[in-house]
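Comments concern the structure below.
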Amino acid sequence: MNMKYILTLASAGLFLLSGCLQEDFQQSPDSGGILTVNFSRTGMTNETDTNTDEQIHTLNAYRFENGILKESFKSLQVNDEGMCKLDLEQIKGNIYFLANGESVISKVNLTDDVTTLDEFLNLTATSEEMASGYMLMNGMADLSSGNTSFSVALKRAVARIDLESSFQDAEVNRIVIKEVALTGLVHEAGNQSVLANLEKNELTKDFGEHPFKNGKESLYYLPEQTSNGHEVEIMMTANGGWHRLRTTLPTLKRNTVYTLRVYGNGANLNVEVLTDNWESGDSSASGLTLKGLVDKENSQLSEGVTINERGDTVFIPCWESNFQLTLAAETGAEVSIFGEAEGVTVTPATRSRGLSPVAQINVASRQKMPGSKHEYVYLDVHKDQVQTGRVVLVFTPNPIELSGLIQFDENGECDFNRYVDGELARLILPEGKTATLRFGEEEAQWMKLTDEGNNTYRLLGGMETQ
């Protein structure tokens with residue numbers, strides 16, 4: 001008995017705009033004392049999203065004029081479009097916005113006509129106060145132009161330290177970061193002299209019985225630092241041997257991600273520091289510059305295939321794709337392909353393993369069926385037996401979750417090859433989609449589809465349909 005796959009799939013788009021740009025909107029002639037502020041989408045992530053790096057949970061505002069606090073606004077409402085309105089007594093001075101700052105504000109007494117701008121800008125907080133729960137973010141608008149409508153970019157008050165070790169047979173056991181202050185300025189414009197006598201700490205991350213390998217994760221959220229250079233020591237094992245790697249972090253800046261990236265093969269292990277803007281993903285590397293990233297301009301991508309800013313990760317949609325990647329690499333480098341994915345072929349465009357100066361990789365992926373999972377293929381670039389780059393191909397699953405007896409083949413068909421009854425499958429559909437069950441004109445209606453609510457359906461067969 002065959003059952004045709006007849007569900008129609010649709011893709012959903014997620015749009016995140018950078019939180020680093022600021023531009024004026026046109027003034028509304030009839031807005032009077034109402035100030036309209038449009039926040040960048042960085043802080044507008046839906047409250048149900050688990051990524052608290054990008055959410056505005058609470059929002060306060062403070063207007064200063066001639067160096068004195070004139071008006072305070074608490075628990076401001078921001079609509080789904082990122083817009084907020086404030087009724088100001090005067091469109092004068094500067095207005096400062098503080099998102100998710102409950103822990104900071106609870107420690108101080110900000111009083112209208114009393115608190116000075118210097119006192120406000122020199123507020124300090126610990127890394128825990130800035131990054132536990134929702135991320136502390138702030139921004140400012142200059143009202144001197146007389147405009148009553150602005151776009152304000154919120155910046156996170158902390159830096160983030162990530163660890164990345166994405167090659168086989170290597171495990172990170174412990175990381176030590178030295179001379180780090182755990183208290184910092186809330187506002188970027190604060191006077192760093194107030195931090196002069198802060199205690200410095202040594203941070204140790206011990207992975208214990210579960211060494212870190214083949215992945216990337218965030219280690220710490222830290223305040224902006226005032227001193228140059230933070231020594232880093234990494235203890236790791238590879239091919240049965242212990243290795244101690246050392247590097248130095250630059251001066252840590254707010255709203256910036258610093259990635260400790262371990263690379264190499266065998267005894268040739270190294271660590272580099274990548275410095276990225278939190279939103280844009282723009283990178284600069286200290287030490288060795290990796291060779292083996294995607295050359296976007298010379299790659300030929302099919303619909304829906306995207307590449308991250310750094311050029312080391314390619315995302316392939318669930319529908320059929322056929323495209324060619326061009327990798328930038330050093331003369332004499334070689335490429336190795338690791339991993340496999342259902343219905344995917346990844347082959348070099350030529351049989352030669354030499355990449356001089358580029359390599360081309362053909363990727364073909366058939367449509368993913370309901371019930372599929374995320375799958376990964378790795379393109380590792382080597383020179384002189386040392387790994388100098390890795391490009392990860394991420395194959396996105398079909399958005400329909402499917403569990404039970406049904407397993408579709410590459411043509412979207414399921415042949416049980418035996419009598420079946422009871423619950424055949426359970427489906428969870430994306431928001432806004434529905435499932436229907438159809439039979440041929442001469443076919444008995446031996447299955448039934450029941451709507452369980454919450455986008456969940458049960459497919460019943462045999463006696464269960466009666």
Side-chain angles (χ1 to χ4, degrees), residues 18 160 162-168 170 213-217 245 247 250 256-265 268-302 304-317 321-339 341 344 346-350 352-365 374-396:
S18 170
R160 194 180 85 202
D162 287 357
L163 171 64
E164 181 178 356
S165 177
S166 56
F167 63 96
Q168 298 176 343
K213 60 181 180 180
N214 296 329
K216 181 177 181 179
E217 73 172 40
L245 306 180
T247 190
T256 305
V257 178
Y258 301 88
T259 301
L260 299 168
R261 183 168 184 170
V262 180
Y263 63 93
N265 270 345
N268 298 312
L269 296 174
N270 295 280
V271 59
E272 65 171 351
V273 180
L274 304 178
T275 303
D276 301 341
N277 179 278
W278 207 312
E279 281 84 26
S280 70
D282 294 332
S283 306
S284 62
S286 63
L288 177 68
T289 299
L290 288 184
K291 300 295 184 181
L293 304 176
V294 176
D295 182 343
K296 301 175 187 177
E297 292 185 0
N298 293 306
S299 296
Q300 300 177 20
L301 306 181
S302 53
V305 177
T306 59
I307 303 170
N308 70 343
E309 286 291 331
R310 177 162 169 75
D312 60 3
T313 308
V314 182
F315 300 92
I316 300 94
S321 299
N322 198 323
F323 59 97
Q324 186 177 85
L325 290 177
T326 297
L327 304 186
E330 295 178 285
T331 301
E334 299 179 337
V335 63
S336 300
I337 301 172
F338 294 98
V344 172
V346 181
T347 56
T350 64
S352 172
R353 296 182 67 196
L355 310 184
S356 177
V358 295
Q360 291 182 321
I361 306 294
N362 290 330
V363 182
S365 173
H374 272 99
E375 296 177 285
Y376 305 87
V377 173
Y378 304 94
L379 309 178
D380 286 350
V381 179
H382 305 270
K383 185 177 182 182
D384 300 327
Q385 297 184 336
V386 175
Q387 183 174 342
T388 58
R390 161 171 278 190
V391 173
V392 182
L393 307 183
V394 182
F395 295 90
T396 306

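As a basis for the values below, the full set of heavy atoms in this structure was taken, side chains included, without hydrogen atoms, waters or symmetry mates.
- Note that CG of Leu327 is 9.0 Å distant from CD of Gln360, once rounded to the nearest 0.5 Å.
- Taking Ser302 as the reference, Val305, Ser321, Phe323 meet the side-chain contact (heavy atoms from CB on, under 4.5 Å) condition, with sequence neighbours excluded.
- In this structure, Ser165 contributes its side chain and Asn214 its backbone to no donor-acceptor pair below 3.5 Å.
- Note that CD of Gln300 and CG of Asn322 are 10.5 Å apart. Values are rounded to the nearest 0.5 Å.
- Proximity of Val273 to Leu260: side-chain heavy atoms (C-beta onward) are separated by under 4.5 Å at one or more points.
- Nearest approach of Asn298 to Thr326, heavy atoms of both residues: O-OG1, 2.8 Å.
- With sequence neighbours left out, Glu375 forms a side-chain hydrogen bond (donor to acceptor under 3.5 Å, both in side chains) with Lys368.
- In this structure the side chain of Val294 never reaches within 4.5 angstrom of the side chain of Asp312, judged on heavy atoms.
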CA sep, side-chain torsions, deciding dist, call: Thr306, Val314, side-chain contact (heavy atoms from CB on, under 4.5 Å): CA-CA 6 Å; Thr306 59; Val314 182; over 6 Å; no

For Leu393 and Leu325, what are the C-alpha separation, side-chain angles and deciding distance, and is it a side-chain contact (heavy atoms from CB on, under 4.5 Å)? CA-CA 10 Å; Leu393 307 183; Leu325 290 177; 3.6 Å; yes

Evaluate side-chain contact (heavy atoms from CB on, under 4.5 Å) for Leu379 paired with Val346, printing each intermediate quantity in order. CA-CA 9 Å; Leu379 309 178; Val346 181; 3.9 Å; yes

side-chain contact (heavy atoms from CB on, under 4.5 Å) evaluation trace for Leu301 with Ile307: CA-CA 9 Å; Leu301 306 181; Ile307 303 170; 3.9 Å; yes

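- Applying the side-chain hydrogen bond (donor to acceptor under 3.5 Å, both in side chains) criterion to Asp162, with sequence neighbours excluded, gives Arg160, Ser218.
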